[in-house]
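In the text below, chain A, chain B and the rest are named by the order of the sequence lines, each starting its count at 1.
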Protein chains: 2
Amino acid sequence: MRAIKIPEKTVTRLSIYLRCVEELEGEGTASVSSKQLADRFGLNSAQVRKDLAYFGQFGIRGLGYYITPLRHSLEEILGLKRAWEVALVGLGNLGSALIAYRGFQEKGFKISVVFDRDPGKVGRRIDGIPVMDTGTIVSVVRKRKIKIGILAVPAAGAQAVLDALVKGGVIAVLNFAPAQLTAPDSVKVQNVDLSALLKTLSYHIARAEQPKPRTP
Amino acid sequence: MRAIKIPEKTVTRLSIYLRCVEELEGEGTASVSSKQLADRFGLNSAQVRKDLAYFGQFGIRGLGYYITPLRHSLEEILGLKRAWEVALVGLGNLGSALIAYRGFQEKGFKISVVFDRDPGKVGRRIDGIPVMDTGTIVSVVRKRKIKIGILAVPAAGAQAVLDALVKGGVIAVLNFAPAQLTAPDSVKVQNVDLSALLKTLSYHIARAEQPKPRTP
DNA sequence: TAGATTGTTAATCGATTAACAATC
DNA sequence: TAGATTGTTAATCGATTAACAATC
């Protein structure tokens, strides 16, 4: 029996499909073909079918996909049928921002503990969430069986924090620190370098502004 | 003369290289080979050389790359030799968070105007930044010659805001709204769907927890 | 049954990695 | 000069897209 390798990009697209399907469901659509989905949301129909086929047979030949069952399947695959507890590390500007941001909680990801090393912050509660010392990460995360961590600390301390999270049993991390972190293969680290994203934008502007090479 | 297509991923990696080079420079290193760089930061040396070679010849055979000149070249390529003004649209939780977050300003991206449609917010100043009505995007952005926009509005209104930004002359957009937006090819849109990122993480946890197939 | 659309295999495309001649 | 490392071409790998038999 071969373990079929599912491309990372396929998983990323799954949440795009889910969003599209949610939208269609909201409009009361009963079923959709991969072609319709692709045309409407700017996707490729073959890719939609191939991506879905990694996980099972969700469609009906000659008809397409029933919306509601497909949504349920996507939620099941993505592990969204349950709520996840999340540990946030770093209560600086970005960390505070992420707590205030409701987007995560709405999607079933609940920040249930925050870690910071500033004694002035430790022991307080932010939005009802307890702030604990960074030194207690391993034990607290382990005790609460938390599997998802968010890193919102400066780059310099990020690796040590990641190590602690991993030691405590965390297996998926959203990292906002601009640093090349290392973790065991079993741990999934998603990097989000906001400044780097802006830098690629500035590259594109610089390219777009200067080159006025020749008017044919 | 052929226009060499530079892969998007190469541009993304450029800012990673810049970060590495900055770190080495901080340590007082004078030069580095692609191999050293790759070993230390978990990159591939051939890829480093190939990526850089898209933009010119920055190395010296037998020696490697001189750190400081390479940093300057990377900054020049990425358009970081100047400060950029940025227009932020949406002063909700995420928008406020992005203003409080110092990361952008530090890297030369200055949020110089914020747009919101809430009359209760318009006219005020946040952190010294004027809050203006969303209806004025086109004229304000055009007048100030702003080229970069950040979208922190709900998905429903995102396309209209993007259209306004583009009409005003913006050519690069960082989009936090979970929506499939369309823009002219000349406009670069970078999507950052934070919830989608968490969803791929929850997928990985779901995979990691269940499958305990057989112990050989 | 005829028409439509899936699931899947084959073809294409692009990106990564390896190899090496050029050259410091 | 000998050793090292670049810039670049060729080989490999993986992902996307096209094509089509299976089948609703």
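Panel note: side chain B:Thr12, backbone B:Glu8; a donor-acceptor pair is recorded below 3.5 Å. The closest donor-acceptor contact from the side chain of B:Arg144 to the backbone of B:Ala87 lies at 3.5 Å or more, if one exists at all. Although no hydrogens or angles enter the test, the distance criterion places no donor-acceptor pair under 3.5 Å between the side chain of B:Thr10 and the main chain of B:Asp51. B:Arg142 contributes a side-chain N or O that, together with a main-chain N or O of B:Lys167, makes up a donor-acceptor pair within less than 3.5 Å.
By the salt bridge (Lys or Arg N to Asp or Glu O under 4.0 Å) test, B:Glu85 is found to be paired with no residue, residues two or more places apart in sequence or in another chain being considered. Scored by the salt bridge (Lys or Arg N to Asp or Glu O under 4.0 Å) test, B:Asp163 finds no partners at all (sequence neighbours excluded). Remark: A:Asp116 pairs with no residue by the salt bridge (Lys or Arg N to Asp or Glu O under 4.0 Å) rule, at least two apart or across chains. Under the rule for a salt bridge (Lys or Arg N to Asp or Glu O under 4.0 Å), B:Glu22 has no partner lying at least two apart in sequence or in another chain. Residues that satisfy the side chain to side chain contact (heavy atoms under 4.5 Å, CB included) test with A:Gln57, not counting sequence neighbours, are absent from this structure.
Consecutive Watson-Crick or G-U pairing (both distances under 3.5 Å) extending over three or more pairs maps onto DNA chain C as C:3-24 with D:3-24.
Residues of residues 39-65 of chain B having a heavy atom closer than 4.0 Å to DNA chain D, listed by number: B:Arg49, B:Lys50, B:Gln57, B:Phe58, B:Gly59, B:Ile60, B:Arg61, B:Gly62, B:Leu63, B:Gly64, B:Tyr65. Taken residue by residue, residues 10-22 of chain A places heavy atoms nearer than 4.0 Å to DNA chain D at A:Arg13. Applying a 4.0 Å cut-off to non-hydrogen atoms, none of the residues of residues 24-31 of chain B approaches DNA chain D.
Each of A:Leu194, A:Leu198, A:Leu201 was evaluated against B:Phe109; a single residue qualifies, A:Leu198, per the side chain to side chain contact (heavy atoms under 4.5 Å, CB included) test.
When DNA chain D is scanned 5' to 3' for any atom under 4.0 Å from a heavy atom of chain B, the first and last hits are D:dA4 to D:dT9.
Between A:Glu23 and A:Arg19 there is no salt bridge, since none of the side-chain N atoms of the basic residue sits less than 4.0 Å from a carboxylate O of the acidic one. Under a 4.0 Å N-O distance rule, the pair B:Lys81/B:Glu76 does not qualify as a salt bridge.
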Identify every side-chain donor-acceptor pair in residues 30-38 of chain B under 3.5 Å, counting partners at least two apart or on other chains, and give the distances.
unit_1	atom_1	unit_2	atom_2	d
B:Ser33	OG	B:Lys35	N	3.4
B:Ser33	OG	B:Gln36	N	3.1
B:Ser34	OG	B:Arg49	NH1	2.9
B:Lys35	NZ	B:Asp39	OD2	2.9
B:Gln36	OE1	B:Ser33	N	2.8

Donor-acceptor pairs are to be reported for all side-chain atoms of residues 88-107 of chain A against protein atoms at under 3.5 Å, with residues two or more places apart or in another chain.
unit_1	atom_1	unit_2	atom_2	d
A:Asn93	ND2	B:Ala100	O	3.1
A:Ser96	OG	A:Gly92	O	2.6
A:Arg102	NH2	A:Asp127	OD2	2.9

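Residue B:Phe58 places its CZ atom among more than 12 non-hydrogen atoms of other residues, nucleotides or ligands, all under 6.0 Å distant.
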